[in-house]
**Student:** 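I have a structure I would like to understand better, so I am pasting it below and will then ask my questions one at a time.
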Amino acid sequence: MPDPTLTRKILDAVDAGFDEQIRFTTDLVRQPSLRGQEAPAQDMMASALRERGLAVDHWKIEVDDIRHLPGFSPVAVSYDNAFNVVGTHRPAGGGGRSLILNGHIDVVPTGPLDMWTDPPFAPKVHDGWLYGRGAGDMKAGLVGNLFALDALKRIGVAPAGEVYLQSVVEEECTGNGALACLQRGYRGDAALIPEPFGETLMSAQVGVIWFQVKLRGRPAHVMAAGSGSNAIEACFPLIAALHELEHAWNERGHPAFADHAHPINFVVAKIQGGDWTSSVPAWCTFDMRIGLFPGMDLDAVRDEVESAISAAAAKDPFLASNPPELVYHGFLAEGWVLPEGTDAQRVLAQCHEAVTGQPLQPFASSGTTDARFFGLYADTPALVYGPRAEFIHAFDERVELESVRRVTQATALFIADWCGIEKIK
Ligand code: ZN
């Protein structure tokens with residue numbers, strides 16, 4: 001830990017920039033950086049990094065550069081607008097440890113706008129919370145990384161090791177943005193990712209797979225419904241079979257999720273089918289998001305899922321001769337457990353305690369984050385630690401501003417301690 005005087009100076013320096021930090025976060029939330037539309041928000045990040053004198057790398061992700069790498073997830077959309085941004089701080093003297101500060105710019109769809117109290121991309125502050133799609137997940141954290149660095153500069157010091165500030169796309173669907181940073185050669189002695197997990201340290205995360213199941217039936221008039229094959233109703237036994245698998249995996253359990261009531265979630269997240277109310281539906285496609293435990297092999301999981309679907313389909317006379325088609329169109333993400341007892345974890349716990357007066361609590365996540373890339377494929381301790389947010393991926397998403405302040409303070413202390421500091425000349 002920095003000495004108490006320096007600690008106090010760093011905390012005050014975050015306070016001094018906090019109004020500006022909230023303004024910048026609000027401006028960034030105003031950018032609807034939905035998948036495929038992240039480019040203007042990434043331009044904002046690139047300018048902000050450049051203004052601060054960091055060396056900026058702003059590049060378009062090429063699928064061919066990454067498709068051969070472990071951790072790659074299949075892509076079903078165009079990457080014409082998929083740009084990553086990394087700002088690099090290089091120390092003058094050096095000798096300190098390096099650090100990656102990572103966050104994602106992409107946000108998930110809003111859902112029906114009439115279910116929001118205020119429009120999702122018209123952010124506003126109310127009662128100590130910032131509202132808007134992406135406010136919590138995770139623009140507040142992403143901007144907090146930037147302002148933590150600013151706080152050090154404000155008191156005339158800079159990190160004594162390289163700091164890479166990464167703003168990546170594709171976290172919510174594949175993770176290919178973080179993977180592209182690895183492919184481009186970015187490595188650090190530790191990584192910090194301020195996902196909105198309520199000032200806890202993520203101890204483990206499940207893996208996630210996305211797939212679509214496509215059914216095609218023989219269309220018929222509803223008067224002869226018995227002779228047709230109803231593609232929508234044919235989905236039900238397949239979904240039931242998948243939920244049986246979900247139940248079996250939760251029963252099997254995993255030590256890192258011992259305190260978690262239901263870590264594995266299989267979600268039918270989208271469904272489309274049919275053309276006309278008086279025609280038996282000829283087709284149906286449903287999208288599944290499934291969780292899996294750390295250590296479960298992706299190929300084995302896919303075999304298990306495909307066998308469950310085939311077995312259920314075999315019991316249906318129509319599906320038996322028209323087997324459903326499975327398409328993987330997003331996450332093929334392994335689970336991951338944060339190794340215990342790393343120095344990075346110890347330092348962060350001290351910084352958290354210096355700010356909050358409370359011990360840092362672990363949190364096992366039933367979702368995935370980009371931490372897996374650092375942990376599994378780059379042997380880098382990845383600390384997921386961010387502010388308190390509510391209703392992420394839902395309506396009226398919001399992030400608590402005092403929590404953002406504390407996390408930014410803990411981050412600034414962490415940078416100073418982990419990398420060491422040098423005086424700016
Ligand atoms: Zn997130």
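It should be emphasised that the depicted structure is a prediction, and the values quoted were computed from it without experimental measurement. Order of listing sets the numbers, starting from 1, for every ligand and every atom in it.
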**Student:** For Gln272, I'd like to know if atom CD has over 12 heavy atoms of other residues, nucleotides or ligands within 6.0 Å.
**Tutor:** no
**Student:** Do you see an N/O/S atom of Asp137, backbone or side chain, under 2.8 Å from the Zn ion (ligand 1)?
**Tutor:** yes
**Student:** If we ignore angles and hydrogens, is there a donor and acceptor under 3.5 Å between the side chains of Tyr164 and Asn102?
**Tutor:** no
**Student:** Do Asp106 and Ser33 pair up side chain to side chain, a donor and an acceptor below 3.5 Å, judged on atom types alone?
**Tutor:** no
**Student:** Is the terminal nitrogen or CZ of Arg30 (NZ for Lys, CZ for Arg) located under 6.0 angstrom from the six-membered ring centre of Phe121 and within 45° of that ring's axis?
**Tutor:** no
**Student:** Between the Zn ion (ligand 1) and His104, which N, O or S atom of the residue is the nearest one?
**Tutor:** NE2
**Student:** From Glu195, does some N, O or S atom reach closer than 2.8 Å to the Zn ion (ligand 1)?
**Tutor:** yes
